[in-house]
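Here is how names work: the chains are called A, B, and so on, in the same order as the sequence lines, proteins then strands, and each is numbered from 1.
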Amino acid sequence: MPIPVTKHPVRVRVAPSPTGDPHVGTAYIGLFNLAFARSHGGQFVLRIEDTDQKRSTRQSEEAIYKSLRWAGLQWDEGPDIGGPRGPYRQSERSDIYRQHTQLLLDSGDAYRCFCTAERMDKVREEQRARKETARYDGFCRHLSPEESDARAVAEPHVIRLKFPQGGETVVPDALRGAVVYDNSQIDDQVLMKSDGLPTYHLANVVDDHLMAITHVIRAEEWLNSTPKHLALYAAFGWEPPVFAHMPLLRNADKSKISKRKNPTSLEYYQRAGVLPEALLNFLGLMGYSRKDAAGQDVEKFTLDEFIADLDLARISLGGPVFDLQKLDWLNGLYLRAMTPEQLADRVTAFHREDDRHAAAGHLVQERVTSLGDYFDHAGTFFRGAVEYGLTARYFLVGASSRKKTAVRLDRPQSLRFFERAIAVLEEQAAWTPEFIETRLRDICTEANVAVGDGFMAVRVACLGRPTSPPLFESLQVLGRALTLSRLRHVAGLLADAQFLQRALADVEAEVAAARAALQPPTPTPEASHA
RNA sequence: GCCCCGUUCGUCUAGCGGUCAGGACGCGGCCCUCUCAAGGCUGAAACAGGAGUUCAAUUCUCCUACGGGGCACCA
């Protein structure tokens, strides 16, 4: 089934929400959107969905630009570069949403809802008690226009879509055909929040239309809300775009990819020395595959080749597990394909453009004995995961203490200690040594362990060694993305009850092998007879 | 709980009624080799289960199971 392309030019978009780190899922969806646009001579738009005032930050927005550019996903129109259909930041489009909401109010396709949060909670509770689907009960749906207008003056309210009751809605999905929904399953979605800002559903439909988006290629998590979007297009009298819902990237346990179980921040990959072309190549293998003219599977390809080949209809819908091992292999393939000069240039550029060196130099200066010695001390700042051998024993918080009275945590307690550390360091705050130190001290106190012991556990987890420059400055240099990924990695290791035993067994095996190598060779029977 | 989507080696996938079910990562073995990688060769490894349609089902239909997603004044 070919993807319908009736309108020209093709216009697609990626619409991240600037809440937290730039996400690898954004790059994944961005890649397919960009490639689709390019392969049809169309445009790729970046829109910032910052209607959640509480969580959106400008800092996160900047990080998204930086990371998407790094990855090589350059947009044709966006908040930072403008374009004919702007503004591209939803927080700057409030008037547009207000006008369109008024249109729906006037036409009777939307209505004001004065229900309080308390009432909504109660309704939901009752529905749950009766084992019904929790949905809005339509309490305000039939208020008279007069009452609605009168109360609107003083009472806080939201505006809801009057979703058709009865019948069904068919979502034509370009990847899976017609998906049918019973309208009774769908409730009256809030379109405008009481703060006067639109919800995703309204903003997304209005913007997609005004920005002349022809194909909405987005993650599968949106499939179930598409009937509401279709209802909005209908209420406005607009022609809906073509929808294609991509499978969700998964963790190893098949759940939706999450930072708990995978590095999801694009900054992580950049700072871990992953080549952007390798990352895109890898993402292009998720749910998709290609063959060469001879029918052989092709694993390695450039963005241009991906674009030339792209056929959305070939996307496989099973959720692909994001496998770092294969990414590593691909990255190595790219590195090996370079000439030595190219490799040197890339390494040099990677380091020259990296802000870690200025601070790392400061930390390492007192410890280096030569220029070449530098990376012995600073190398850990420029890698992804670190390997732990015998040092894994420090993960049992307290294992480093020489004081007999010191508290030592067992494995589950240590795991909780690390989880706590992750939680406090995740907090949206400036990534400074002061912030890190304060938070880590707090959790040591909470856990009732000596700060030296707690810090040692974190040091080994994040830097790989029990000796390092001052911890907090080091973590600052390492950066939030790498620090958290290493802490999460260790938490994952600690979650395995057998991990430490296995690490110990590995070490013992190594020692045994070394010992065996030291033994004089036993004379062979032949030798002794001779 | 309700709704929706999905299900081929551990993982990414090819397959679109008749195949020894192919490739890739990872894993094992062998070769190459001063080490380690890389590279070459090679091995183990999958159609979730059950009905039906058909001369023939991995492929089509239905049911079940399992996985995922959604059911917010978050996106």
Side-chain angles (χ1 to χ4, degrees), chain A residues 1 15-20 23 25-26 47-56 90 113 115-117 120-121 124 127-136 156-160 168-169 171 173 175-177 179-187 189-204 218-228 245-257 282-292 294-300 313-330 332-333 335-337:
Chain A
M1 175 186 48
S17 182
T19 54
H23 202 273
T26 305
R47 183 168 73 222
I48 294 293
E49 307 228 334
D50 57 349
T51 55
D52 183 348
Q53 277 192 306
K54 286 189 269 307
R55 297 196 304 148
S56 298
Q90 290 186 330
C113 171
C115 294
T116 60
M120 293 309 299
D121 287 344
R124 266 191 281 270
Q127 286 171 334
R128 208 170 305 128
R130 273 178 277 135
K131 303 205 168 176
E132 290 173 8
T133 305
R135 337 178 12 245
Y136 180 62
H157 59 273
V158 300
I159 292 167
R160 288 181 184 273
E168 46 190 34
T169 298
V171 174
D173 183 271
L175 307 183
R176 55 205 101 210
V179 182
V180 183
Y181 291 88
D182 190 328
N183 287 350
S184 68
Q185 289 297 323
I186 298 157
D187 69 350
Q189 181 62 44
V190 172
L191 301 177
M192 189 72 91
K193 300 180 267 188
S194 55
D195 63 3
L197 290 178
T199 58
Y200 167 85
H201 306 281
L202 200 236
N204 147 74
R218 77 220 307 189
E220 187 179 6
E221 55 190 332
W222 297 112
L223 183 59
N224 286 336
S225 48
T226 308
K228 294 169 182 175
H245 290 93
M246 298 283 296
L248 251 21
L249 259 21
R250 309 290 185 89
N251 298 312
D253 65 3
K254 299 277 189 182
S255 55
K256 173 163 93 168
I257 195 167
F282 178 66
L283 291 174
L285 250 16
M286 300 277 89
Y288 199 70
S289 68
R290 38 197 323 261
K291 291 177 188 291
D292 61 19
Q296 294 298 302
D297 291 333
V298 178
E299 307 282 337
K300 183 168 178 277
R314 284 215 322 265
I315 287 167
S316 56
L317 297 173
V321 171
F322 195 85
D323 179 10
L324 265 341
Q325 274 190 314
K326 191 153 183 176
L327 207 210
D328 280 344
W329 165 77
L330 249 187
L333 225 49
L335 259 4
R336 265 170 256 133

Pairs under 3.5 Å (N/O, protein and nucleotides 36-40 of chain B):
from	atom 1	to	atom 2	distance (Å)
A38(B)	O3'	R336(A)	NH1	3.2
G39(B)	OP1	R336(A)	NH1	3.4

Pairing partner of U58(B), by Watson-Crick or G-U wobble and under 3.5 Å for both distances, is none

Sub-3.5 Å pairs of nitrogen or oxygen atoms, protein against nucleotides 11-16 of chain B:
from	atom 1	to	atom 2	distance (Å)
C12(B)	OP1	V321(A)	N	2.8
C12(B)	O2'	L285(A)	O	2.9
C12(B)	O2	K326(A)	NZ	3.4
U13(B)	OP1	G287(A)	N	2.2
U13(B)	O2'	S289(A)	OG	3.3
A14(B)	O2'	K291(A)	NZ	2.5

Answer yes or no: does a side-chain N or O of K256(A) lie under 4.0 Å from OP1 or OP2 of G70(B)? yes

Query raised in the report: Where does the angle between the aromatic ring planes of F322(A) and F282(A) fall among parallel (under 30°), tilted (30 to 60°) and perpendicular (over 60°)?
Result: perpendicular

Among C3(B), C73(B), C4(B), the one nearest any side-chain atom of S194(A) is C73(B)

With the side chain defined as heavy atoms from C-beta on, T199(A) is closest, among A75(B), G68(B), C3(B), to A75(B)

Testing A75(B), C2(B), C5(B) for proximity to the side chain of Q185(A), the answer is C2(B)

Under a 3.5 Å limit on both distances, the Watson-Crick or wobble mate of G26(B) is none

One should read off an interatomic distance between N251(A) CG and K256(A) NZ, to the nearest 0.5 angstrom, of 10.5 Å

Check whether any side-chain nitrogen or oxygen of K193(A) sits under 4.0 Å from OP1 or OP2 of A75(B), and answer yes or no.
yes

Those residues at least two apart in sequence (or on a different chain) that pass side chain to side chain donor-acceptor pair (under 3.5 Å) with D187(A) are none

Quick note, L248(A) side chain, CB onward, closest among A75(B), G68(B), C4(B) is G68(B)

Shortest non-hydrogen pair, D195(A) vs Q53(A), comes out as OD2-OE1, 3.9 Å

When the C1' atoms of G15(B) and G29(B) are compared, how many Å lie between them, rounded to an integer?
30 Å

Taking the C1' atom of each, how far is C30(B) from A44(B), in whole Å? 15 Å

